[in-house]
Structure formats: C-alpha cells, structure tokens
Colleague: 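Once you've had a glance at the structure underneath, I'll fire off some questions.
Letters A, B, ... mirror the listed sequences (proteins, then strands); counts begin at 1.
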Number of protein chains: 2
Amino acid sequence: MNNKENFIKKLRSSGLRPTKQRIEICKALYERKKTFHFTIDDLNKILRKKSKEKISLATIYNTVYAFKNKNYLKEISLNTNKTYFDTNVSNHHHFLDENSNRLIDLKNSDVGKVKIKRKIPGKKIKSIEILVRISD
Amino acid sequence: MNNKENFIKKLRSSGLRPTKQRIEICKALYERKKTFHFTIDDLNKILRKKSKEKISLATIYNTVYAFKNKNYLKEISLNTNKTYFDTNVSNHHHFLDENSNRLIDLKNSDVGKVKIKRKIPGKKIKSIEILVRISD
DNA sequence: TAAGTACTTTATAATGATTCTAAAGTACTG
DNA sequence: CAGTACTTTAGAATCATTATAAAGTACTTA
Ligand SMILES: [Mn+2]
Ligand SMILES: [Mn+2]
Ligand SMILES: [Zn+2]
Ligand SMILES: [Zn+2]
C-alpha cells in the first residue's frame, strides 16, 4: 500500500473527506524523512511548486487547522508575526537558531529530565516544552 | 528618592527623554510587587483608567519596543494573535494556565537543572526557556 | 446510477494587531 | 532664547488570519 492510499485511509477514518487538495497537502507535509516546521506561507510556496493544480490559500488554512484539530499537526510558540506548525506532534523540545530563524527538534534523550518542583493547586501539567535559543 | 525620580534617572541614563508619557508607562509597568505579563492592549486599558491624560496607542507601541530594546522588557513566546511582554527580563520559566491564559513565573529554584546534551557545531546557547502548560 | 445532502473549495471581503507616515509638540543644548 | 533632535500623535497602510457565501465534490441511499 502506498502513501496516497494511507493518506486516504487516515483522512477518511478521521472524518475528513479525502479530497485531492488534502491529499496533496498530506504529501507535502508527511512524505519527508525529518520533522517539518513551517508557516502557512512556506507550505503555500511548496505546494505552488509541487502541484500542477493550484490550491487556494483558504484551503491551505482550512486544512492545516483541520489537521491541527485532529492532532496531525502541532502549533509552535514563537515570537514571530506568523504562526508555525510542526509535523512532530509529540511533546518535544526545540533549538531555535536565531540567525536563520530555523527550528531543530531535540530528542528527549538530548535533554536531561526536567523536574518541575512547584505545583499550582487544582492544576495539572499538560505539557513541558523547552525552547533553546542558539546563535553563532 | 521616589519612584518617579528613579524612572527619570533611568530613562535619561538610557538615552530616552523622560517624557510624561514614558513616566506614566513606567509607573504602570514597574510599580508592582509581582512580575507583570501583558499585551499592548492590556497596557492601553490600564493606562486609560490610571492616567487622566490619554496616551496614544502609537506611543504605547513606541515605548514598549523602546523598553524592550533597552532590555527593560522581554517579549514572550506564546501562540496567540497578540504579542506578550514580561517585566521580568531575567532568563526564567513559565507556567501557562490554559484555562485563564495567564502566565506565572517559575523561580529558577522551582525547576531542576536543565541539561542540554546535544550541541550544534558553531552555535552557542543564548537562552533556555521552559513553558509548562497547566489546566484544571 | 441518480438524487439528495453535507462537506469542501474558492475568490473575495473583513478583521485586527502592528507598523508606517508626516506633522505638531517637547526636551535638551549652547 | 534659538536651534535641533527627539517624541507624540492621528490616521493610513500593511499583512496574516478569519469570515462569507456561492460553486463544486464526496458520500449516502434508494
Ligand atoms: Mn506566533
Ligand atoms: Mn505571539
Ligand atoms: Zn518540532
Ligand atoms: Zn515571566
């Protein structure tokens, strides 16, 4: 079974109709060896090059947020004017190269155990994320 | 010597003329017991209540970014449409309460030592910041 | 397979935080 | 005080994102 069939299955089983636009976007996002960190604009440019048929910007927004809601994409916290997304939806940490403004995934084994000693009454920890800023 | 005189000194010694607008903004930001995490809109609302004379939104933007450049304020990484600032400019960590969307400072003693085992050739670590998402 | 329906895509407009502009006002220097 | 550089301001411009609504498509059921 090839990727395309897998994407179709995955979409259908998520209640998302496997349209040709969504399948193209799946290919752009998930047919990669490494984690992909991107903005809507990055994705739009990639799709323009790759696909013969144009996918509207509105559809790219719709699809990215649909995928985010299904937990196939994750939003990343950064101080930029654009929103970043990550194909690695696991709880993980990042280097942020301040020269290139590029994100690099850290494996959990790259980071010693993080111990949070303080508790807030009535609140549970949902995630712990580290951002390590680096530069030349 | 009162706060106002201190603000004036600090501004002047930073090459920023101590205008009445900047002094009002200093009071709103720094006459507090605890760290203040805010958006431009938060600050604007506070100033409207506090001050008799209106400070234009443009001036609030100008001043906040001037203070950020002087390292009297820090920008915080969050996935929101608005930019957040922090009167605590030290390298420190946060809880983010996802119910209220409020930030809480963690003291360094609240967090065990963070060890980053991986190195990127030619790059130095500039800061390490942890965001701990919490909710009910 | 055709009709019916809900979902999807799309062009386009609206929104809203932020940035820009340029003119009027103010702080400092000599 | 006069001169200058800095500052404030209203309003316009920008631009990422979100909303709108009409046309197109996928799926269901007969
Ligand atoms: Mn952002
Ligand atoms: Mn932000
Ligand atoms: Zn990542
Ligand atoms: Zn803080």
Side-chain angles (χ1 to χ4, degrees), chain A residues 4-5 7-28 37-48 51-70 72-73 75-85 101, chain B residues 4-5 7-28 37-48 51-70 72-73 75-85 101:
Chain A
K4 182 170 172 185
E5 285 167 350
F7 293 143
I8 291 174
K9 266 196 185 171
K10 200 75 188 265
L11 287 166
R12 232 188 237 112
S13 74
S14 312
L16 297 171
R17 290 181 180 172
T19 62
K20 63 181 192 302
Q21 291 88 343
R22 284 174 175 162
I23 293 163
E24 279 306 301
I25 292 173
C26 282
K27 286 184 193 169
H37 301 108
F38 65 97
T39 64
I40 296 285
D41 185 57
D42 295 334
L43 181 56
N44 190 24
K45 283 182 180 133
I46 288 166
L47 289 167
R48 276 177 196 291
S51 308
K52 17 203 158 303
E53 309 198 36
K54 186 203 168 197
I55 301 178
S56 78
L57 189 56
T59 295
I60 298 174
Y61 271 98
N62 290 341
T63 303
V64 165
Y65 282 96
F67 287 6
K68 183 194 160 189
N69 288 334
K70 296 296 179 185
Y72 301 147
L73 286 175
E75 215 175 317
I76 304 185
S77 299
L78 284 184
N79 284 336
T80 58
N81 54 332
K82 296 181 191 173
T83 301
Y84 275 77
F85 296 90
N101 230 47
Chain B
K4 183 169 171 185
E5 285 166 351
F7 293 143
I8 291 174
K9 264 195 186 173
K10 198 74 188 262
L11 287 166
R12 229 184 240 118
S13 74
S14 311
L16 297 171
R17 289 180 182 175
T19 63
K20 64 180 191 303
Q21 292 88 343
R22 284 173 176 163
I23 292 163
E24 280 305 302
I25 292 172
C26 282
K27 286 184 192 168
H37 300 107
F38 65 96
T39 64
I40 295 284
D41 186 56
D42 296 333
L43 181 56
N44 190 24
K45 282 182 180 132
I46 288 167
L47 290 167
R48 276 178 196 291
S51 308
K52 18 204 158 300
E53 310 198 36
K54 188 203 168 197
I55 301 178
S56 78
L57 190 57
T59 296
I60 298 174
Y61 272 98
N62 289 342
T63 303
V64 165
Y65 282 96
F67 287 6
K68 183 193 161 191
N69 287 335
K70 294 297 178 183
Y72 300 147
L73 286 175
E75 215 175 317
I76 304 186
S77 300
L78 284 185
N79 285 333
T80 58
N81 54 333
K82 296 181 189 172
T83 302
Y84 275 76
F85 296 90
N101 230 49

Colleague: Could you tell me the separation between the CD atom of B/E75 and the C1' atom of C/dT18, rounded to a whole number of Å?
Modeller: 11 Å
Colleague: When the axes are fitted on five pairs at both termini, how much does the helix from C/dT1-D/dA30 to C/dG30-D/dC1 curve, in 10° steps?
Modeller: 30°
Colleague: Tell me the interatomic distance from A/E24, atom CD, to C/dT10, atom P, rounded to whole angstroms.
Modeller: 11 Å
Colleague: Going by the rule side chain to side chain contact (heavy atoms under 4.5 Å, CB included), which residues pair with A/L57 if we only count those two or more places apart in sequence or in a different chain?
Modeller: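 Checked A/L57 against side chain to side chain contact (heavy atoms under 4.5 Å, CB included); matches are A/I40, A/N44, A/Y61.
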Colleague: Can you give one letter per nucleotide of nucleotides 10-30 of chain D, 5' to 3': B if a protein heavy atom sits under 4.0 Å from the base, S if only from the sugar-phosphate, - if neither?
Modeller: B-----SBB-------BS---
Colleague: With a 4.5 Å heavy-atom cut-off, do A/I76 and A/F38 have their side chains touching?
Modeller: no
Colleague: Which residues satisfy the side chain to side chain contact (heavy atoms under 4.5 Å, CB included) test with A/K4, sequence neighbours excluded?
Modeller: A/N2, A/I8, A/I23
Colleague: Please give, in whole Å, the distance from D/dT9 P to B/R22 CZ?
Modeller: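 Atom CZ in B/R22 sits about 11 Å away from atom P in D/dT9.
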Colleague: Among pairs that include at least one residue of residues 13-22 of chain A, which meet side-chain hydrogen bond (donor to acceptor under 3.5 Å, both in side chains), considering only residues two or more places apart or in two chains?
Modeller: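 Listed by first then second residue: A/S14-A/Y72.
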Colleague: How close or far is atom C1' of C/dC28 from atom CD1 of B/I8, stated in whole angstroms?
Modeller: 14 Å
Colleague: Write down the distance between CG (A/N69) and P (C/dT8), rounded to a whole number of angstrom.
Modeller: 12 Å
Colleague: Check side chain to side chain contact (heavy atoms under 4.5 Å, CB included) between B/N69 and all other residues, then give those that pass, not counting sequence neighbours.
Modeller: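 Per chain and number, B/N69 pairs via side chain to side chain contact (heavy atoms under 4.5 Å, CB included) with no residue.
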Colleague: Rounded to whole Å, how long is the line connecting atom CD1 of B/I25 with atom C1' of D/dT9?
Modeller: 13 Å
